[in-house]
> 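Here you go, one structure.
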Number of protein chains: 2
Amino acid sequence: MAVPIDTAERRLGQAIAALGTNGFAACFYAWLRHGLDCDNATMLAYFQDRRPEILYVCAAATEVHENLENAYLPGAYLLDPFHDLHVRKVPPGLYRLREIAPDAFTRNEYYAAYYRATTLIDEIAYVSYPAPGVSVHVCLGRDAGSGRPFSAGNIGLARKLEPIARELCIRQWSALTSSGDYADATIAGRVIAAMRARHAISLSPRQAEVALLILRGHSSVSIGLRLGISPQTVKVFRRQLYRKCNISSTAELFALVMPLLSEPPPKTGPAPTPDAA
Amino acid sequence: MAVPIDTAERRLGQAIAALGTNGFAACFYAWLRHGLDCDNATMLAYFQDRRPEILYVCAAATEVHENLENAYLPGAYLLDPFHDLHVRKVPPGLYRLREIAPDAFTRNEYYAAYYRATTLIDEIAYVSYPAPGVSVHVCLGRDAGSGRPFSAGNIGLARKLEPIARELCIRQWSALTSSGDYADATIAGRVIAAMRARHAISLSPRQAEVALLILRGHSSVSIGLRLGISPQTVKVFRRQLYRKCNISSTAELFALVMPLLSEPPPKTGPAPTPDAA
DNA sequence: GGGTATATACCCCCAAGGGGGTATGATGGC
DNA sequence: GCCATCATACCCCCTTGGGGGTATATACCC
């Protein structure tokens, strides 16, 4: 038999042929993996109004998958730098974790409690928007098995493939729908509501916003840059926050707020009254 | 009917009568609670060679109990300041958490991940040794519901009752047995073995010892005092430890080592050879 | 015997968190 | 109109962690 002269094209063809079927993601990944030297893939859809959905997971260690189900999807995703891209509605394209991660990322609690268990040492993601309010992330990772991060060549190639990958994602997942609209303020609102309900602590919007950024692994300086305020002011919010919560460290903040993130978001509409029909 | 003139004595009598039966712990607690203003009780037995056993738990929130089963008993207990009393074989008596807790206790990971969920704000424990190698701790707590720690009067009374409490514990639980003998070095050895097996990282005894103390919430200064070495030296061990583990923060150390503590201890005997009969 | 690992101790530096103040507008409720 | 709250910003301080060195004595293994 003749050796296929261009496997990449053949695989791309297969992926295109599989568009609209359940087999697409696997073919898609087969194509990507052929060109890019990665160990695993996770495809996720983020929405405005509900938790993310797994579109595809390349069979990895079961414990990683468990973590995904038990920690990430219920709430930890809200601290994920990639999810932050969705919130910020960044342009579609290729993003690399180490470039978008907060400055103190590897020493924050999200990283220690969740991300580290994935053993991923490098991760890139194609971000696309197949429908209004819906982000699809195709995450390709290199784990401890490989030992080394993506090479510059790999990154370059991944960037070249991006338009095709984006187009495929948009076609495949255009049927996904979301409603509502949220920015970080929405998540902060959720934290405020949960803190009031569960701990009888009333946070100001700004305090909640700062709390989230702290939990994501931003330093005070980084938070200041993000919010356009002085780091000194961030420190004040932090102090007020700690005082209200009766805590004195980031670790405690994490233990206090993390469980709240897993709670279902309140019904649409701010401050619903109990007697609403 | 005549009102019992001395309820405390009557309850003590009931507890004594219940010695040797399953109902003892409840009667014992009823007596203690009558005099001491506490919200809950947990009675635990610590051994040399296996995980602790629950002797009695005053029905608290289910989530606290879950935490006990899912986190504390499998391994988190190894980071508990109370368990440390068992390891150090302190004299029997009454101990208060806030007095024995490491300096950085409330900002360490054990506290954030486990202890804080108990909502306990003050905790005292009667420590007794009913059998060789067996410690029984009768822990009385005040939780967020009470809002305030134990009063000085309560502590004083608790101290007065200690000889009786100790005697009762010794009589009730003298049948518990343990074997082997361990100090902190044993736990460190377990960490070393697990680190080698699971992560192919070989730690020196001292490095493992420092790791454990860090995880328990000791600062470098506190560790230095405990080990009788300079804080500077502690920092060196810390650096070596982090370098070997390829991490750069306490949070990561916790995420790395915590799961290992839940693993069963290696078979008795130091460094068993595979070909030993 | 010589190299390696370990334990010990000191030096330096910097970043960051945490806690204490004070001050000034804006906003909104009573 | 006044007071409380919030957001903003600056000042001060100290502790801690984390990382970079260097040095010495011991101990163990090849």
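Since the model is a prediction, treat every value here as computed from it, not as a measurement. The figures that follow rest on heavy atoms only: side chains count, while hydrogens, waters and symmetry mates do not. Lettering follows sequence order; numbering is per chain, from 1.
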> Would you please confirm or rule out a distance under 4.0 Å between OP1 or OP2 of dG18(C) and any side-chain N or O of Thr250(A)?
yes
> For the ring pair Phe82(A) and Tyr95(A), is the centre-to-centre distance below 6.0 Å?
no
> What's the closest nucleotide to the Arg206(B) side chain, out of dT8(C), dG18(C), dA9(D)?
dT8(C)
> Would you indicate what Thr233(A) reaches in the nucleic acid, counting non-hydrogen atoms under 4.0 angstrom: base, sugar-phosphate, or nothing?
base
> Let's test your reading of the model: under 3.5 Å, does the base of dG17(D) pair with the side chain of Arg238(B) as donor and acceptor?
no
> Between dA7(D) atom P and Gln240(A) atom CD, what is the distance in whole Å?
8 Å
> So if I take every side-chain heavy atom of Ser219(A) and compare against dA7(C), dG18(C), dA16(C), which nucleotide ends up nearest?
dA16(C)
> Which whole-number value in Å describes the distance from Arg243(A) CZ to dG18(C) C1'?
13 Å
> Is there, by distance only and without an angle test, a donor paired with an acceptor across the side chain of Lys235(A) and the base of dG17(C) below 3.5 Å?
no
> Can you give me the closest heavy-atom contact between Asn154(B) and Asp37(B), atom names plus distance?
OD1-N, 2.9 Å
> Mind checking if Phe237(B) touches a base, just sugar-phosphate, or nothing, with heavy atoms under 4.0 Å?
base
> Round to a whole Å and report the spacing from CD of Gln232(A) to C1' of dC12(D).
10 Å
> Could you tell me the separation between the CD1 atom of Ile201(A) and the C1' atom of dT5(D), rounded to a whole number of Å?
18 Å
> State which of dA9(D), dA9(C), dG20(D) makes the closest approach to the side chain of Arg239(B).
dG20(D)
> What's the CG-P distance between Asp103(A) and dG18(D), to the nearest Å?
15 Å
> Using whole Å, what does the distance between atom P of nucleotide dT8(C) and atom CD1 of Ile229(B) come to?
5 Å
> Quick one: Lys244(B) NZ to dA7(C) P, roughly how many Å, whole number?
8 Å
> Is Arg216(A) reaching over with its side chain to a backbone N or O of Pro81(A), donor-acceptor style, under 3.5 angstrom?
no
> At less than 4.0 Å, is any side-chain N or O atom of Tyr242(A) found next to OP1 or OP2 of dG19(C)? Yes or no.
no
> Rounded to the nearest angstrom, tell me the gap between atom CG in Leu253(A) and atom P in dG18(C).
9 Å
> Classify the angle between the aromatic ring planes of Tyr110(A) and Tyr115(A) as parallel (below 30°), tilted (30 to 60°) or perpendicular (above 60°).
tilted
> Check whether any side-chain N or O of Ser230(A) sits under 4.0 Å from OP1 or OP2 of dC10(D), and answer yes or no.
yes
> Output the single nucleotide from dG18(C), dG19(D), dA7(D) whose closest atom is nearest the side chain of Ser248(B).
dG19(D)
> Side chain of Asp122(A), backbone of Phe150(A): donor and acceptor closer than 3.5 Å?
yes
> Between dC10(D), dC6(D), dA7(C), which one does the side chain of Pro205(B) approach most closely?
dA7(C)
> Quick one: does NZ or CZ of Arg239(A) land under 6.0 Å from the six-membered ring centre of Tyr242(A), within 45 degrees of the ring axis?
no
> What does Val236(A) touch in the nucleic acid at a heavy-atom separation under 4.0 angstrom: a base, only the sugar-phosphate, or nothing?
base
